[in-house]
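Chain letters run A, B, ... following the sequence lines, proteins first and then strands; every chain starts at 1.
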Amino acid sequence: MNKIETKNLSLFYGTFQALIDVNLSVEEKMITALIGPSGCGKSTLLRTLNRMNDLIDGVRITGEVLIDGENIYGKETDLVLLRKKVGMVFQRPNPFPLSIFDNVAYGPRTHGSKNKAELEDIVEKALKHVELWEVLKDKLDHFALNLSLEQQQRLCIARLVAVTPDIVLMDEPCSALDPVATQRIEELMFELKKNYTIVIVTHNMQQAARVSQRTGFMLLGKLVEYGETRQVFTTPREKKTEEYITGRYG
Amino acid sequence: MRKFRETIIEKTILLNGFACILFVVLIFVFLAKDGLALFKTFAIQDFLFGQMWSPLAEPPQFGILPLFLGSVIVTLGATVIAVPLGMACAIFIGEIAPRWMREILKAGVELLAAIPSIVIGFIGMTMLGPVVKQIFHLPTGLTALTGSIALAFMAVPTIVSIMEDAISSVPRIYKEGSLALGATHWQTIYRVIIPAASSGIVAAVMLGIGRVIGETMAVMMLTGNASVMPQTILAPVRTMTATIAAEMGETVRGSEHYFALFALGLVLFLITFLINLVADAALHRKRK
Ligand SMILES: Nc1ncnc2c1ncn2[C@@H]1O[C@H](COP(=O)(O)OP(=O)(O)OP(=O)(O)O)[C@@H](O)[C@H]1O
Ligand SMILES: [Mg+2]
């Protein structure tokens, strides 16, 4: 069974249709990349997977999104549990204006662990996971917004790891970072892939080719092509995919 | 020629900016000149720590402690009422209310700010006073508490509008980050949004207090005007502002009493100046 499956998913912002009959299947413990020109609906699609679009007024959704076989737009969906299971990393690193410790402990505290020793343990593990522990272990009480952008993004990933999600959604996670930092975040993604199913939106086609096993190409709200990354990049089935990949588009 | 015009305009604007500062300085100098004159004939420690204010006694007493404490009690009372109320209101407007309701509520709050203080005093006297008297079985309804409640209503608009600004200017990405981690809306509000807006919230509280401490008309009508050392919030008190307003008309220009009222004004000026400074510092911390 696929980890995530969308069935005839359409999304409307008011009268504007941003997603048109999207059928996407995401396999477990793989990195799936979504590429396409600006405004084609990549972020929108990603945000349907943890229902972040619910925050926007006037959004209407039809079709289904199945995660582990369950429709997350069903009546009995618990948003807290859904978002605990499906975490998200944003385009601009967005650590909270709190201490480093409080940032990582945020999720666990929210979900009820109050025990200090337990929290310390979780924070240490999460920071180790994103390779921040050695650098920051003596600065846990420092203000998170003073870190470098790369460290901030790592911290955001650690914050996510601390709530032990199943799926990690990343919306252009490296677009605010320099090439060296980008490469190191990509290495981290490989590491994360062992435990998590990752869906990443990226503008950077080399990045999609480097990190992902599956790639979806979107255009004007439609998922035009979807398949193994190597196949999509070397022998695309659709003419439009080829045009985009060879740089004749957006 | 154009250059000349630019220079004139620039200089005029500069001049206006300086004029504001100049006025503040002038007012301060004016207050200080007459206020400090008191201490030629009256000891400053008796002024600051004296427990009796009675200008008509023989010799006259100008101890401001009862008046100062009167102001403090009324202000504290108003703050305790206004801050939670204003904060709840600001959070509701900024975070919870749907857009159409938001506009209505904001307009309502602004309207509240526009009510003249004499009207609040009037309503407080006829409606609030009797209620306070009855609930606490007091000989009079004109007490520090009555003043506090009325003043709280005058501080709420200030508090709400500044706090609401602070809350709605918290970057959206913080909120999304919190919700995406599975936090509920409430958890997001009190664990991310309020801390992120904290400097604006502090500034709102300070400016609210500043508004209350300088208020005169309503306090004069509602607090009972007894210049004795206040024992409880249910006793009549007299504030510094009310004292100046009530007695200025009866003094002889250049008399000791006249100077004493100026000295009182000077103290009030310094207090509000300090409060504004703290509020400003809080607002500045945010910009960094
Ligand atoms: N809140 C909104 N209200 C109305 N329209 C929106 C909203 N958010 C996005 N859109 C529109 O939906 C379409 C898809 O937007 P989306 O952000 O998903 O694109 P994207 O592929 O992520 O683009 P980019 O690469 O620039 O991030 C765009 O045409 C955009 O203008
Ligand atoms: Mg996007």
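- A salt bridge (Lys or Arg N to Asp or Glu O under 4.0 Å) check over residues 73-83 of chain B, counting only residues at least two apart or in different chains, returns nothing.
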*asked:* What verdict does the side-chain contact (heavy atoms from CB on, under 4.5 Å) test give for V109(B) and E164(B), after you've listed the backbone C-alpha separation in whole Å, the side-chain angles of each residue and the deciding distance to 0.1 Å?
replied: CA-CA 11 Å; V109(B) 167; E164(B) 197 265 323; over 6 Å; no

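- For chain B, the nearby parts of R109(A) are the backbone and the side chain; heavy atoms of each come within less than 4.5 Å.
- No side-chain heavy atom of V212(B) sits under 4.5 Å from any side-chain heavy atom of T79(B).
- Within the structure, the side chain to side chain donor-acceptor pair (under 3.5 Å) test picks out the following pairs touching residues 70-85 of chain A (sequence neighbours left out): D68(A)-K85(A).
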*Please step through side-chain contact (heavy atoms from CB on, under 4.5 Å) for the pair I61(A) and R51(A), ending with a clear verdict.*
CA-CA 10 Å; I61(A) 290 167; R51(A) 290 189 56 171; over 6 Å; no

_Go through it in stages, so that I can follow the logic: the residues are I100(A) and D141(A), the test is side-chain contact (heavy atoms from CB on, under 4.5 Å), and I'd like the CA-CA distance, side-chain angles, deciding distance and then a yes or no._
CA-CA 6 Å; I100(A) 291 167; D141(A) 56 342; over 6 Å; no

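- Contact annotation for V86(A): only backbone heavy atoms (N, CA, C, O) come within less than 4.5 Å of a heavy atom of chain B.
- Side-chain atoms of L207(B) and N276(B), non-hydrogen and from C-beta on, do get closer than 4.5 Å to each other.
- By a heavy-atom distance cut of under 4.5 Å, R172(B), I173(B), Y174(B), E176(B), G177(B), S178(B), L179(B), A180(B), L181(B), G182(B), A183(B), T184(B), Q187(B), T188(B), R191(B), V192(B) are the residues of residues 172-194 of chain B near chain A, going up by number.
- Only the side chain of F90(A) comes within contact range of chain B, with at least one heavy atom under 4.5 Å from a heavy atom of that chain.
- Checked against P173(A) for a side-chain contact (heavy atoms from CB on, under 4.5 Å), the options M189(A), E186(A), Q91(A), R92(A) give a single hit: M189(A).
- Looking only at side-chain heavy atoms (C-beta outward), S148(B) and I233(B) come within less than 4.5 Å of each other.
- Residues of residues 150-169 of chain A lying under 4.5 angstrom from chain B, judged on non-hydrogen atoms, are R159(A), L160(A), V163(A) by number.
- A heavy-atom distance below 4.5 Å is found between the side chains of H111(A) and V80(A).
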*Output, in order, the C-alpha distance, side-chain angles, deciding distance and verdict of salt bridge (charged side-chain N to carboxylate O under 4.0 Å, His left out) for K128(A) and E124(A).*
CA-CA 6 Å; K128(A) 276 185 174 154; E124(A) 179 176 342; 2.6 Å; yes

